[in-house]
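Quick note: residue numbers are just sequence positions, from 1. Counting convention: from 1, in listed order, for ligands and their atoms alike.
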Amino acid sequence: MNKQTLLNHRPTDELVALNAAHHIQPFANGAVTKTTGSRVITRADGVYMFDSEGHRILDGMAGLWCVNIGYGRNELADVAQRQMQQLPYYNTFFQTTHPPVVELATKIAELTPGDLNHVFFGNSGSDANDTNIRLVRHYWASKGKPTKQVIISRENAYHGSTVAATALGGMAHMHVQGAEGIAGLAHISQPYWWVGGGDMSPEDYGLKCAAELEAKINELGEDNVAAFIAEPVQGAGGVIVPPSTYWPEIQRICDAYDILLIADEVICGFGRTGNWFGSETYNIRPDIMTIAKGLSSGYMPISGSVVSDRIAEEFAQKGGDFFHGYTYSGHPVAAAVALENLRILEEEKIVEHAANLSPYFAEKWTSLGDHPLVGEVRISGLMSAMQLTPDSNSRAPFAQPGSIGKIFKDIAPENGVMLRAVKDSIACSPPLVITEAEVDELVAAAWKTLDQTQEKAKAEGLLTA
Ligand SMILES: *Cc1c(COP(=O)(O)O)cnc(C)c1O
């Protein structure tokens, strides 16, 4: 442990108290922040982070699914410093631009599949999806089809936390906190076989869920539907890996009707599923892609909406002014850092590393399925989940849904690994640079945590078996 970093900040108890007094944390319970307090993370390197007490924790979530190249890459800091000295800020409104944003847009156009060749930049996945809502509606209006306004999304989808992105997402517990009543959105089922599949095979269930898209388009009328948006693999919803039948049928429906397909690649993009984009892994041909997180490996906030030639040409010819933009759209420092991140991903073949490691990762993660508390495992590239259950055969939920996942999540850092609970699913999404030995360490810590979770749940009467 580097003593210098410990000496650089206030003692932990002071930090925790001041944090509770002055910091409103996102997705956190204010009462718990005051009573239990928060863990203070002070530094990180590779796949490990360190808290203010010097505990070393393997970051099984790559931050929030974003630190794809791992921590501690000083090249990004150097680039940020140079860019700040040369041009710390200028905007990209009103026909001005700058070299970093031009280079980054060009690089993204090269990396993304098909004719996705044009990027509108934002600062977060949320605001990029807000952009997408306006983009697709403006597109259809420009095409002379102003009634095509509705965007179809999925239950339990996560598309961000702005008012519009919350409403676009499918999380009911978020909708009721100030995001109800946004017009022109509709939702269909998610392909979550474990919970919804009943007696059907996963393949049949995938088709059933996909068929809901066609039914919804017909119910609303094709002339009223602008787009369908989905994550290739739902991330924050619990790493819902779709049955193999799902995406081909969704793609067929999108092709058969005149609606745009938006792939929210905020998590899946930049190597997570073993290809540069989840759209490649699942054979999806989107008209628009949302990118963020892995675009900069989280080192700077930046996002983008990557759009196809067809959409960009319409905008260029008849769209007129697009009255939309953020002060920091294409921020030069964020753009320069993202570009350096992409250089590292490419030159160090980190996406190939993720693909090559994925069978090993899958084998180890699958072994967690032998634990009596685990019902199924779900894996795509280097992202995964395990579904906790009291009964694998009946796929029953726990008597108090979410209670066991929470116990697991709280114990895991004590065993040196950070994982995330989505109700009673445990999600994993490590930095893509993780090694076999680090995967072993992660899985061993997860197994130990499962044991302790089972013990604690029994002691608290939450497991009646
Ligand atoms: C994280 C996430 C977002 C929101 O990104 P922010 O940068 O947190 O606003 C949107 N879509 C998906 C799929 C995400 O995982």
Side-chain angles (χ1 to χ4, degrees), residues 25-28 61-68 119-136 151 153-171 174-175 179 185 187 190-192 227-242 247 261-273 277-279 281-282 284 286 288-306 326 328-331 334-335 337-338 341 378 380-385 420-422 425 427-430 432:
Q25 293 192 236
F27 285 97
M61 286 307 298
L64 285 175
W65 331 74
C66 58
V67 188
N68 290 12
V119 194
F120 187 102
F121 287 102
N123 317 293
S124 72
S126 305
D127 70 40
N129 279 325
D130 275 38
T131 295
N132 289 337
I133 294 173
R134 298 194 59 200
L135 234 157
V136 298
I151 299 164
S153 175
R154 303 185 297 177
E155 285 161 13
N156 217 26
Y158 188 74
H159 296 304
S161 258
T162 55
V163 175
T166 297
L168 182 64
M171 300 201 168
M174 290 178 68
H175 291 168
L185 303 173
H187 294 83
Q190 55 175 339
Y192 191 1
F228 172 66
I229 183 169
E231 303 149 81
V233 177
Q234 276 188 347
V239 188
I240 310 304
V241 179
W247 271 113
L261 173 54
I262 308 170
D264 185 339
E265 293 262 7
V266 171
I267 287 176
C268 293
F270 306 101
R272 179 56 58 194
T273 67
F277 296 95
S279 293
T281 305
Y282 294 95
I284 308 164
I288 300 178
M289 240 186 210
T290 321
I291 56 173
K293 295 191 171 122
L295 170 58
S296 66
S297 284
Y299 281 58
M300 285 293 280
I302 185 166
S303 66
S305 300
V306 194
Y326 307 108
Y328 301 131
S329 284
H331 191 284
V337 167
N341 172 63
R378 300 185 286 271
S380 179
L382 293 190
M383 81 198 274
S384 61
R420 172 163 166 181
V422 180
S425 287
C428 178
S429 165
L432 302 183

Looking at the rings of F270 and F277, which for Trp means the six-membered one, are their centres under 6.0 Å apart? yes

Under 4.0 Å from any heavy atom of H159, which atoms of ligand 1 are there? 10 (C), 11 (N)

At a 4.0 Å threshold, what atoms of ligand 1 neighbour a non-hydrogen atom of G160? 4 (C), 10 (C)

Any N or O of E231 closer than 3.5 Å to N or O of ligand 1: no

Ligand-residue contact atoms, ligand 1 with V266, heavy atoms, under 4.0 Å: 1 (C), 2 (C), 3 (C), 10 (C), 11 (N), 12 (C), 13 (C), 14 (C)

Does ligand 1 have any atom sitting under 4.0 Å from a heavy atom of K293? yes

Aromatic ring pairing H187/H175, orientation class (parallel under 30°, perpendicular over 60°, tilted between): tilted

Side chain, backbone, both or neither: which applies to A292 and ligand 1 if a contact is any heavy-atom pair less than 4.0 Å apart? neither

When distances are taken from atom 4 (C) of ligand 1, the protein heavy atom at minimum range is S126 N, 3.5 Å

Quick one: look up the protein heavy atom nearest atom 12 (C) of ligand 1 and list residue, atom name and how far away it is. Y158 O, 3.3 Å

Is there a donor-acceptor pair closer than 3.5 Å between any side-chain N or O of N129 and the backbone N or O of T290? no

Does R378 reach the main-chain N or O of V239 with its side chain, forming a donor-acceptor pair under 3.5 Å? yes

For I267, take its heavy atoms, then give the atoms of ligand 1 lying under 4.0 Å from any of them. 15 (O)

In terms of residue, atom name and distance, what is the protein heavy atom nearest to atom 6 (P) of ligand 1? G125 N, 3.3 Å

Please check: side-chain N/O of S297 versus main-chain N/O of Y299, any donor-acceptor pairing under 3.5 Å? no

Is there a side-chain contact between S153 and L185 in this structure, where contact means two heavy atoms from C-beta onward sitting under 4.5 Å apart? no

Using modelled atom types and a 3.5 Å cut-off, is there a donor and acceptor pairing between side-chain atoms of T162 and backbone atoms of A165? yes

Could you walk me through whether V266 and I291 pass the side chain to side chain contact (heavy atoms under 4.5 Å, CB included) check? CA-CA 5 Å; V266 171; I291 56 173; 5.9 Å; no

In the protein, which heavy atom is nearest to atom 11 (N) of ligand 1, and how far is it? D264 OD2, 2.8 Å

